[in-house]
Colleague: 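Below is a structure I'd like to ask you about.
Throughout, a chain's letter reflects where its sequence line sits, starting with A, and its residues are numbered from 1.
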Number of protein chains: 2
Amino acid sequence: MSSAPSKTIADNSDKLVTTLERPRERIVKSAIELFRQHGIKGIGVDAIAEAAGSNKMTLYRHFGCKDDLVCECLKQVSSEKERIWVDLEDAYPGEPARQLRGWVDEAAQRIFNDLRGCDLVNAAVELKEAGHPAQKVIMDAKKAHVQHLVELCRRAGVQQYEQLAQALVLLVEGARVCGQSIGIEGPQQRLKQTCEALIDAFSKH
Amino acid sequence: MSSAPSKTIADNSDKLVTTLERPRERIVKSAIELFRQHGIKGIGVDAIAEAAGSNKMTLYRHFGCKDDLVCECLKQVSSEKERIWVDLEDAYPGEPARQLRGWVDEAAQRIFNDLRGCDLVNAAVELKEAGHPAQKVIMDAKKAHVQHLVELCRRAGVQQYEQLAQALVLLVEGARVCGQSIGIEGPQQRLKQTCEALIDAFSKH
DNA sequence: AATGTGTGTTACCGGTCAGTAACGTCCCAA
DNA sequence: TTGGGACGTTACTGACCGGTAACACACATT
């Protein structure tokens, strides 16, 4: 189906995108990064296309409008997030309890290394217009993530697995958003210990 | 000096702002509401002025630029938030433990009645430009809020008062942001019980 | 050699938005 | 009565932004 890699010439790769990928992938990748830096409403499609070493026309040939590009970015972000569940299974195969600790550890590390918060949450904050297509993407991804964690808690042998999972989600989401609004010195510093203590408490009975 | 209420004529109050207040107050009030509805970057100064029953020129006479108006709105929002501490003291005078439960109850109710999240957090998400004046306003307000809660936990006789306060902040912030991104069916439904259980656990030793 | 697809380039449109200028009006205080 | 301060109105600027049109080019397939 006519998919030739654009490795042809010594591509004058203007920006950060060292090619080998096709324009579509480069555009999505650049868009994700620029949305992260400037917010969705804070960056224009022209700047995105340029950062991808492409141009606005090509962008609009792949995505009918900016909102479609936004949705594609959010889908990609959430599918990358989904990978954590198989990574945890690989790291601690057949040990759901350890996987749960691993999930906490991962979350805590991510929060300390990046104070820009969750892409999905940030998008939800920006895109308030009723019925915006991105809202469904965000909601579905978040629900799926919660559901995965609930399932992990159940497999870890926790009786009140749903309560534990929900509390952990609140703590982690709260920690991310605190890092974003308060900065490093926020109340999210003891996130890991708090989560682990909570897991311990729920694991006893 | 020279502060006469503009009650003069049967003001053709175009919009939602039933006057009696002066333009400045009406503009701030309208801006807070419209920022809440559409986001800061999602509404223009013209629409704000009109909703306030005023006009852009008057707005710019009171606020040098949009960012200044944003800062003023955030300051007002946070000072309104501050009122909860005296309200709690009024409701349960000399009973910090009950005040703490009251704080949780208040937060839980607010989250269920309004899924639009915290104005300060939302502003922090939107205003990412390095050195934006609103960032300091947000940070100061959030830090003060956390500090107030820490102090309340201490006064409530909790030994590890700082840990408890920080965990409660994470839970509540997480709950707000979950309501915003997931909707009513999010994991924030059991927020109150979770917080109360946490307070119980911390109060025992 | 001919064709078609994906891509790049330039230019444009219409709309919105932050911010300003100039002028007029109303009302209060002196 | 008069002056001044606060406010309203209209019109404008310059920038940006989402989206489109038209044309050119490069390349792979046939």
Colleague: Output the rounded distance in Å from CD1 (B:Ile27) to P (D:dG8).
Modeller: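 Rounded to the whole Å, the gap is 8 Å.
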Colleague: With sequence neighbours excluded, what pairs up with B:Arg190 under the side chain to side chain contact (heavy atoms under 4.5 Å, CB included) test?
Modeller: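 In terms of side chain to side chain contact (heavy atoms under 4.5 Å, CB included), with neighbours along the sequence ignored, B:Arg190 is linked to A:Glu162, A:Gln163, A:Gln166, B:Gln193, B:Thr194.
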Colleague: Measuring to OP1 and OP2 of D:dG8, would you say a side-chain N or O of B:Ser54 lies under 4.0 angstrom away?
Modeller: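 Checking D:dG8 against B:Ser54, a side-chain N or O does come within under 4.0 Å of OP1 or OP2.
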Colleague: Please give, in whole Å, the distance from D:dG18 P to A:Leu34 CG?
Modeller: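 Rounded to whole Å, this separation is 12 Å.
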Colleague: State whether a side-chain donor-acceptor pair under 3.5 Å links B:Gln147 with B:Glu151.
Modeller: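 Judged by distance alone, the side chains do not pair up.
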Colleague: Within this structure, what is the CD1-to-C1' distance between A:Ile48 and D:dC17, rounded to whole angstrom?
Modeller: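 So the CD1-C1' distance, A:Ile48 to D:dC17, works out to 12 Å.
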Colleague: If I take atom CD in residue A:Glu50 and atom P in nucleotide C:dG8, what distance separates them, rounded to the nearest angstrom?
Modeller: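 Rounded to whole Å, this separation is 13 Å.
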Colleague: Tabulate protein N/O versus nucleotide N/O from nucleotides 18-22 of chain C, keeping only pairs under 3.5 Å, one per line.
Modeller:
residue	atom	partner	partner atom	Å
C:dA18	OP1	B:Lys66	NZ	2.7
C:dA18	OP2	B:Val45	N	2.9
C:dG19	OP2	B:Tyr60	OH	2.9
C:dG19	OP2	B:Lys66	N	2.8
C:dG19	N7	B:Lys56	NZ	3.0
C:dG19	O6	B:Lys56	NZ	2.3

Colleague: For A:Leu59 and D:dG18, give me the distance from atom CG to atom P, rounded to whole Å.
Modeller: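 Going from A:Leu59 (CG) to D:dG18 (P), I get 10 Å.
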Colleague: In Å, rounded to the nearest 0.5 Å, how long is the span from CD1 of B:Ile40 to CG of B:Leu127?
Modeller: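 B:Ile40 atom CD1 to B:Leu127 atom CG measures 4.5 Å (nearest 0.5 Å).
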Colleague: Side-chain N or O of B:Arg22 less than 4.0 angstrom from OP1 or OP2 on D:dC7?
Modeller: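 B:Arg22 to D:dC7 OP1/OP2: side-chain N or O found under 4.0 Å.
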Colleague: What is the distance, rounded to the nearest whole Å, between atom CZ of A:Arg26 and atom P of C:dG6?
Modeller: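 In whole Å, C:dG6 P lies 15 Å from A:Arg26 CZ.
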Colleague: Under 6.0 Å between the ring centres of B:Trp85 and B:His145?
Modeller: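 Centroid separation for B:Trp85 and B:His145: below 6.0 Å.
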Colleague: I need the CG-C1' distance between A:Asn55 and C:dG6, as an integer number of Å.
Modeller: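 From A:Asn55 CG to C:dG6 C1': 11 Å.
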Colleague: Taking side-chain hydrogen bond (donor to acceptor under 3.5 Å, both in side chains) as the definition, give me every residue that meets it alongside B:Gln180, ordered by chain and number, with sequence neighbours left out.
Modeller: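 Here the qualifying residues are B:Asn122.
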Colleague: Is there a donor-acceptor pair under 3.5 Å between the side chain of A:Gln135 and the backbone N or O of A:Glu129?
Modeller: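 Confirmed, A:Gln135 side chain pairs with A:Glu129 backbone.
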Colleague: Using a cut-off of strictly less than 4.0 Å, decide whether A:His62 has a side-chain nitrogen or oxygen near OP1 or OP2 of C:dG6.
Modeller: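 Result: no.
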